[in-house]
Amino acid sequence: MRLDRSFYERTDVMGIARDLLGKVVHTRIDGAHVSGLITETEAYAGVDDRASHAFAGRRTERNASMYARGGTAYVYICYGIHHLFNIVTHSVGVPHAVLLRGVRILEGQAEADGRRGRPGARTDGPGTAAQALGIRRSHDGTDLLGRRIWVADEGLAIDPRSIAIGPRIGVDYAGPDAQLPYRFRIVRQ
DNA sequence: ATACCGATTAACT
DNA sequence: GTTAATCGGTATA
């Protein structure tokens, strides 16, 4: 069952990041349907989070969609190369987001392989997951309740003991906030 | 205008 | 372990 607006409009971005583990992200892009089990996420907690692009209310052309309503895609280019897919949460004007950091492809493996360039290539990083799903900067601002990108609960139960929680990756610039336990991943099963 | 850095990855030594 | 790839944001002039 597809996640509805009320899931994304919740105010607890860390809880959403955790609850997205085991959900299934679907894309219908360039005529192909690809889906993947979400295995890793990170929460970015808006204006108070030094690791967030929206820290202190920063608002630029790049991060404008972080300020959209929950259930919107925020896609930006990192290191000039990688397209990183985020799920915006909370309400309009509150720039919370969850970074998709890893998936296990369930449907459309051949299409994902083609996009990644070789069969069986990894999809366990934020850049590789977005690439396999076909998500790119042009999908920034896409409504996750539309027909291009959506997330579904397909009844896969995740044992809480299989979830690891720890500091986020690559945010050393964020000072003390770099140590916050905002990274969630499935480590077993 | 110039300079530096980043929510990364793959291909090296 | 190191490094190249490559571009928007931010700071400085």
So which protein N/O to nucleotides 5-11 of chain C N/O distances come out below 3.5 Å?
| residue | atom | partner | partner atom | Å |
| --- | --- | --- | --- | --- |
| C:dT6 | O2 | A:Tyr79 | O | 2.7 |
| C:dG9 | OP1 | A:Arg62 | N | 2.9 |
| C:dT10 | OP1 | A:Arg58 | NE | 2.9 |

What's the [atom1]-[atom2] distance between [X] and [N], to the nearest Å?
X	N	atom1	atom2	answer
A:Phe55	B:dG6	CZ	P	16 Å
A:Arg118	B:dT9	CZ	P	14 Å
A:Ile169	B:dG6	CD1	P	15 Å

- Task: Would you sketch DNA chain C in dot-bracket for me? Only Watson-Crick or G-U wobble pairs with both distances under 3.5 Å count, crossing pairs as [ ], other-strand pairs as |, the rest as dots.
- Result: |||||.||||||.
- Message: Using the rule that Ile, Leu, Val, Met, Phe, Trp and Tyr join whenever any side-chain heavy atoms are under 4.5 Å apart, tell me whether A:Val24 and A:Phe184 fall into a single cluster.
- Response: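 A:Val24 and A:Phe184: separate clusters.
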Could you tell me the separation between the [atom1] atom of [X] and the [atom2] atom of [Y], rounded to the nearest 0.5 Å?
X	Y	atom1	atom2	value
A:Cys78	A:His53	SG	NE2	7.0 Å
A:Thr72	A:Leu144	OG1	CG	6.5 Å
A:His26	A:Arg2	NE2	CZ	10.0 Å
A:Arg115	A:Thr128	CZ	OG1	13.5 Å

- Item | A:Arg116 side-chain N/O to B:dA10 phosphate OP1/OP2 under 4.0 Å |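 Affirmative; the distance criterion is met.
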- Message: In whole Å, measure the gap between the P atoms of C:dA5 and B:dT13 for me.
- Response: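 The same atom, P, in both gives a distance of 15 Å.
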- Quick one: do A:Arg101 and A:Glu42 make a salt bridge, cutoff under 4.0 Å?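 Looking at A:Glu42 together with A:Arg101, the answer is yes, because their closest N to O distance falls below 4.0 Å.
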- Task: Taking all non-hydrogen atoms of both residues into account, name the closest pair between A:Arg168 and A:Asp49 and its distance.
- Result: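 That would be NH1-OD2, 2.7 Å.
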- Task: Show your working on side-chain contact (heavy atoms from CB on, under 4.5 Å) between A:Ile149 and A:Leu133 and close with a plain yes or no.
- Result: CA-CA 9 Å; A:Ile149 308 172; A:Leu133 292 165; over 6 Å; no
